[in-house]
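To start, the structure itself, in structure tokens.
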Amino acid sequence: QVQLVESGGGLVQAGGSLRLSCAASGRTFSIYAMGWFRQAPGKDREFVAAIRWSGSNTYYGNSVKGRFTISRDNAKNTVYLQMNSLKPEDTAVYYCASTQGYQGSFYYEFAYDYWGQGTQVTVSS
């Protein structure tokens, strides 16, 4: 069992920055990779970023490349999402997810085993 808790969401103006955190607990030694997804009202959950628990492999959705950076601190069992140059269209609930193994892709919701409850990010113009 892995428990994930997101934090760091809030209200920010367009062009601003925000850093989200996701703290993992439980069987964290089983984590293979962690990712961030987001979901805006009326839309499907969208892949944002993912990172391998070891190594330097990172993956980003096209809509956030060059603006968002995912990182990790294994000692703290925490992953971060640094969001820069925020746009109103980035407004969504951001979810942290973990997977215990590679399941074909890091880009799809079904590849992940555990999910946090989400944190709201609102970007105003």
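Under the ring-ring contact (aromatic ring centres under 6.0 Å, His included) test applied with Phe37, the options Tyr108, Tyr95, Phe47 reduce to a single match, Phe47.
Counting heavy atoms from C-beta outward, Val79 and Trp36 have side chains that approach closer than 4.5 Å. A 4.5 Å side-chain heavy-atom check between Leu20 and Glu6 finds every atom pair outside the cut-off. Side-chain atoms of Leu4 and Met34, non-hydrogen and from C-beta on, do get closer than 4.5 Å to each other.
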Residues Asn77, Trp53; criterion side-chain contact (heavy atoms from CB on, under 4.5 Å); working and verdict: CA-CA 9 Å; Asn77 295 317; Trp53 203 240; 3.9 Å; yes
Full working for side-chain contact (heavy atoms from CB on, under 4.5 Å) between Gln82 and Phe68: CA-CA 5 Å; Gln82 179 66 47; Phe68 291 9; over 6 Å; no
From CA spacing to verdict: side-chain contact (heavy atoms from CB on, under 4.5 Å), Ile31, Tyr114: CA-CA 10 Å; Ile31 296 175; Tyr114 301 99; over 6 Å; no
Pair Asp113-Gln103, side-chain contact (heavy atoms from CB on, under 4.5 Å): steps then yes or no: CA-CA 10 Å; Asp113 303 304; Gln103 303 186 51; 3.4 Å; yes
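Sorted by first then second residue, the disulfide (SG to SG under 2.5 Å) pairs that include residues 20-116, not counting sequence neighbours, are Cys22-Cys96. Residue pairs satisfying the side chain to side chain donor-acceptor pair (under 3.5 Å) criterion with at least one member in residues 61-70, sequence neighbours excluded, are listed as follows: Arg38-Ser63, Glu46-Ser63, Asn62-Lys65, Arg67-Asp90.
Note on Val2 and Phe29: separate hydrophobic clusters, where clusters join Ile, Leu, Val, Met, Phe, Trp and Tyr whose side-chain heavy atoms are under 4.5 Å apart, directly or indirectly. With hydrophobic clusters built from ILVMFWY side chains whose heavy atoms lie under 4.5 angstrom apart, Val93 shares a cluster with Trp115. Under the 4.5 Å side-chain contact rule for hydrophobic residues, Tyr94 and Val12 share a cluster.
Taking CZ of Arg27 as the reference point, atom OG of Ser98 lies at 12.0 Å (rounded to 0.5 Å). Within the model, atoms CG of Leu18 and CD of Gln13 stand 12.5 Å from one another, a figure rounded to the nearest 0.5 Å.
Across all non-hydrogen atoms, the minimal contact from Ser17 to Ser85 is OG-N, 4.4 Å. Minimum interatomic distance between Gly9 and Val121 (heavy atoms only, all atoms of both residues): CA-CG2, 4.1 Å. Contact detail for Tyr112 and Gly35: the closest heavy-atom pair is CE2-N, 3.8 Å. Nearest heavy-atom pair, Ala14 versus Pro88, reported as atom, atom and distance to 0.1 Å: CB-CD, 4.1 Å. Thr78 and Ser21 get closest at one heavy-atom pair: CG2-CB, 4.3 Å.
Residues forming a side-chain contact (heavy atoms from CB on, under 4.5 Å) with Thr91 (at least two apart in sequence, or on another chain): Gln120, Thr122, Val123.
Taking a 6.0 Å sphere around CD of Glu89, one finds it holds more than 12 heavy atoms contributed by other residues, nucleotides or ligands.
The main-chain N or O of Gln100 is never found under 3.5 Å from a side-chain atom of Ser30 such that the two would form a donor-acceptor pair. For the pair Arg72 (side chain) and Ala33 (backbone), a donor-acceptor distance under 3.5 Å is absent.
Taking the six-membered ring for Trp and thresholds of 30 and 60 degrees, Phe106 and Tyr102 have ring planes inclined between 30 and 60 degrees apart.
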